[in-house]
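Counting from 1, the numbers follow the sequence of the chain as shown.
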Amino acid sequence: MNNTLRFRRSAIAVTAAAVLPFALSACGGDSGSSKKDSASSPSEAAPPASQSSAGGDASMTDKPFGAACASVPKDGAGSFDGMAKDPVATAASNNPALSTLVAAVKKAGLVDTLNNAQNITVFAPTNDAFAKIPKADLDKVLNDKATLTKILTYHVVGQKLTPQQLENGSFDTLEKGKVSTSGSGTAYKVNDSANVVCGNVPTANATVYIVDTVLMPK
């Protein structure tokens, strides 16, 4: 009985943790993916292609990488050093590019749960990724807790992933589905649709890969 309770508590904590990244998926669907390239800024879309030639150097992926990392504050709570000291939901709240995601997590009341999860990976959609989703669709999902939770947990993997593991990977998500990853060096894609625009960002309890498109469960 104790083992069962422990398992259920762990599952609940991890599921909630998934939420943060998933707000982004909210109702992105195929339409969000198809409009990805045109909706994302040139600086976000370019990183993978422009940096792929440097991808062979493993040392480049020991730290955060990607063109969108340039917008991260140089110091303070929102800097890479600052984010590394805080649990993922708190760290994200200090990153201006993730304000929409953070708002969704707060709306779902999952901030504390997400912060208490351990050793997870979050594929976190940017504000621009959310902007690709029609407002009416996004609002509908944000007001449907069951659907929102399903989408958000699809953005969370229950282990910390290194860039090398993303080269040709398939990982179980908290939603019970799978996400696939491909690429090398500093150029990676998730589900062949979302570009990692700032990857390998450490927080106290998670590794974050910021993506330019909301992921949707199959």
Side-chain angles (χ1 to χ4, degrees), residues 8 10-36 39-40 88-89 92 97-98 100-111 113-134 137-161 165-166 168-183 188-199 201 203 205-218:
R8 294 180 66 180
S10 297
I12 290 171
V14 177
T15 296
V19 172
L20 185 165
F22 303 61
L24 16 145
S25 355
C27 42
D30 293 336
S31 62
S33 298
S34 64
K35 294 186 285 188
K36 162 178 62 69
S40 56
V88 66
L98 301 177
T100 303
L101 174 61
V102 171
V105 171
K106 289 180 178 178
K107 185 176 180 66
L110 294 163
V111 171
T113 309
L114 184 57
N115 278 346
N116 290 329
Q118 296 299 316
N119 300 320
I120 58 173
T121 291
V122 173
F123 292 104
T126 62
N127 293 344
D128 286 343
F130 278 109
K132 299 176 190 178
I133 301 170
D137 292 341
L138 182 57
D139 288 344
K140 182 177 180 180
V141 172
L142 291 175
N143 287 295
D144 181 340
K145 193 168 184 178
T147 300
L148 178 60
T149 298
K150 179 179 176 67
I151 292 172
L152 296 181
T153 53
Y154 185 64
H155 289 73
V156 176
V157 171
Q159 61 177 304
K160 286 188 176 182
L161 301 176
Q165 287 176 285
L166 301 186
N168 182 21
S170 178
F171 308 98
D172 293 329
T173 69
L174 297 184
E175 181 269 336
K176 304 301 183 185
K178 285 182 178 292
V179 291
S180 61
T181 59
S182 60
Y188 296 94
K189 281 184 174 290
V190 183
N191 287 354
D192 293 323
S193 62
N195 293 303
V196 172
V197 295
C198 183
V201 178
T203 71
N205 67 328
T207 297
V208 177
Y209 289 90
I210 300 174
V211 295
D212 64 1
T213 301
V214 172
L215 307 174
M216 289 298 292
K218 296 291 189 296

Trainee: More than 12 non-hydrogen atoms from neighbouring residues, nucleotides or ligands closer than 6.0 Å to NZ on Lys106, yes or no?
Mentor: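 Open.
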Trainee: Atom SG of Cys198 and atom CG of Asp212: how far apart are they, to the nearest 0.5 Å?
Mentor: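 Interatomic distance, Cys198 SG to Asp212 CG, rounded to 0.5 Å: 12.0 Å.
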Trainee: Taking all non-hydrogen atoms of both residues into account, name the closest pair between Phe171 and Gln159 and its distance.
Mentor: CD2-NE2, 4.1 Å
Trainee: First locate atom CG of Leu215, then atom OG1 of Thr213, and finally report the distance between them rounded to the nearest 0.5 Å.
Mentor: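 The distance works out to 7.5 Å.
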Trainee: So which heavy atom on Asp192 is nearest to which on Ser182, and how close?
Mentor: OD1-OG, 3.9 Å
Trainee: Rounded at 0.5 Å granularity, tell me how far OG1 in Thr203 sits from CG in Asn115.
Mentor: 8.5 Å
Trainee: If every non-hydrogen atom of Asp144 is compared with every non-hydrogen atom of Thr147, which pair is closest and at what distance?
Mentor: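 Heavy atoms of Asp144 and Thr147 come nearest at OD2-OG1, 2.9 Å.
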Trainee: Tell me, with the steps shown, if Phe123 and Thr173 meet side-chain contact (heavy atoms from CB on, under 4.5 Å).
Mentor: CA-CA 11 Å; Phe123 292 104; Thr173 69; over 6 Å; no
Trainee: Measure the spacing between CG of Asn143 and NZ of Lys145 and express it to the nearest 0.5 Å.
Mentor: 12.0 Å
Trainee: Set out, in order, the CA-CA distance, both residues' side-chain angles and the distance that settles side-chain contact (heavy atoms from CB on, under 4.5 Å) for Phe130 and Leu138, then state yes or no.
Mentor: CA-CA 8 Å; Phe130 278 109; Leu138 182 57; 4.2 Å; yes
Trainee: Looking at every heavy atom in both Thr126 and Ile210, which two are closest together, and how far apart are they?
Mentor: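 In terms of heavy atoms, the two residues are closest at CG2-CG2, 3.2 Å.
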Trainee: Could you walk me through whether Ile151 and Met216 pass side-chain contact (heavy atoms from CB on, under 4.5 Å), step by step?
Mentor: CA-CA 6 Å; Ile151 292 172; Met216 289 298 292; 4.0 Å; yes
Trainee: When rounded to the nearest 0.5 angstrom, what is the spacing between OH in Tyr209 and OG1 in Thr181?
Mentor: 9.0 Å
